[in-house]
Amino acid sequence: MKVIREKPAVIQRPHNFCAGCSHGVFYRLIQECVEELGYSKRQIIAMGVGCNCNLTLSKIDTVDKFQCAHGRAAASATGIKRMRPDLLVMTYQGDGDCGVIGLGETLNAAYRNEKITVFTVNNLNFGMTGGQMSWTTLEGQKTATSVRGRDCAATGYPIHLPEIIAGQFRPAYAARCAVYDPKTVAQAKKYIRRALEAQINGEGYAIVELLGICPTNWGMSPVQAIEHLQKKALQEYPLGEFAGGEQAELAFLRQEAEK
Ligand SMILES: Cc1ncc(C[n+]2csc(CCOP(=O)(O)OP(=O)(O)O)c2C)c(N)n1
Ligand code: SF4
Ligand SMILES: [Mg+2]
């Protein structure tokens, strides 16, 4: 097999996520972009609490990380970036950390247009604690705490963080990606890179949500979980850019054409 991209030099050991989990692919893409942008030794990641903690605990890489209290990654990243504007400062969180317990911190950082890059893996549940319902859980989805299927009339409806942030605030970049085939992996890498460039260029806040799979808690094989994601999750969570990127380029070109 031909290797077309060596793994980033900072990654030294295999990860220990469950088989098929999206966390490993997403994290590798982030580190590929960081390396290509020349920031491997000038980065720090504010880590959420969830399955992503495997990255901290298993010491698979040499990246500086700060383990935040649950949901507080955006606030921690804000403090780090304000003290060390020379560093590339990211958060790496799950949907529960970023969009449930940490919703206040996430929205306040976006509101202030902090110059941080937020990465969040939306796997439709609280993976680490055994698959409880999250604000991202689909209507009718069975989880450990919605055993008959999520009743949105009683619990609220699935939350769309990049769209909320793009619609209400003025972030430099907001997008959602997935990593289930070569095309979506290439798209995800493009979005991750744009989100990091927004920080490097001093433009401001950026968020990329990765729509991921959690075969273990969905009770599916990795292949079944990918099919489920394509058939169900993508209907609720479309992929694309909601602020910045090609959206901004097109708006700029339209404005220029109207002059
Ligand atoms: C203050 C506090 N409340 C609750 C928990 C339990 N807890 C640990 S991780 C987690 C949710 C993680 O879900 P998510 O952020 O979606 O990450 P995933 O594991 O799905 O990747 C919860 C509720 C905790 N550790 N601390
Ligand atoms: S429980 Fe789910 S999110 Fe956590 S490592 Fe396993 S597959 Fe990934
Ligand atoms: Mg989750």
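Whatever order the structure lists them in is the order used to number ligands and atoms, beginning at 1.
Contact check on K115 versus E203 returns no salt bridge, with no Lys/Arg side-chain nitrogen under 4.0 Å from an Asp/Glu carboxylate oxygen. Under the 4.0 Å criterion applied to side-chain N and carboxylate O atoms, E197 and R193 are assigned as salt-bridge partners. Look at R5 and E35 and you find a salt bridge, because one of the NZ, NE, NH1 or NH2 atoms lies within 4.0 Å of a carboxylate O, short of that distance. With respect to R176 and E241, no salt bridge is recorded, no charged nitrogen being found less than 4.0 Å from a carboxylate O. With respect to K189 and E32, a salt bridge is recorded, a charged nitrogen being found less than 4.0 Å from a carboxylate O.
Between V121 and ligand 1, a contact under 3.5 Å exists for no N or O pair. An N or O contact shorter than 3.5 Å is missing between N52 and ligand 1 by distance. At least one N/O-N/O distance between G96 and ligand 1 falls below 3.5 Å.
Heavy atoms from both the backbone and the side chain of M128 come within less than 4.0 Å of ligand 1. When heavy-atom distances to ligand 1 are checked against a 4.0 Å cut-off, T129 comes that close only through its side chain, counted from C-beta outward.
Between Q132 and ligand 1 there is no heavy-atom distance shorter than 4.0 Å. Ligand 1 has N123 within reach: a non-hydrogen atom of the residue lies less than 4.0 Å from it.
Side-chain contact between V49 and Q67: present, with at least one pair of heavy atoms (C-beta onward) separated by less than 4.5 Å.
Counted by atom type alone, Q132 and T129 present one or more donor-acceptor pairs between their side chains at under 3.5 Å. Side chains of K81 and Q199: a donor-acceptor N/O pair is present below 3.5 angstrom, by distance only. Side-chain contact of T120 with Q93: a donor-acceptor pair under 3.5 Å is absent, judged by distance alone.
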Requested in this report: Starting from the C-alpha separation in whole Å, work towards a yes-or-no answer on side-chain hydrogen bond (donor to acceptor under 3.5 Å, both in side chains) for T137 and S134.
Outcome: CA-CA 5 Å; T137 296; S134 167; 4.9 Å; no

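For a distance threshold of 2.8 Å, the protein N, O or S atoms nearer than that to atom 2 (Fe) of ligand 2, listed by chain and number, are C214 SG.
Using a 4.0 Å cut-off to heavy atoms of G127, the atoms of ligand 1 that qualify are 18 (P), 19 (O), 20 (O).
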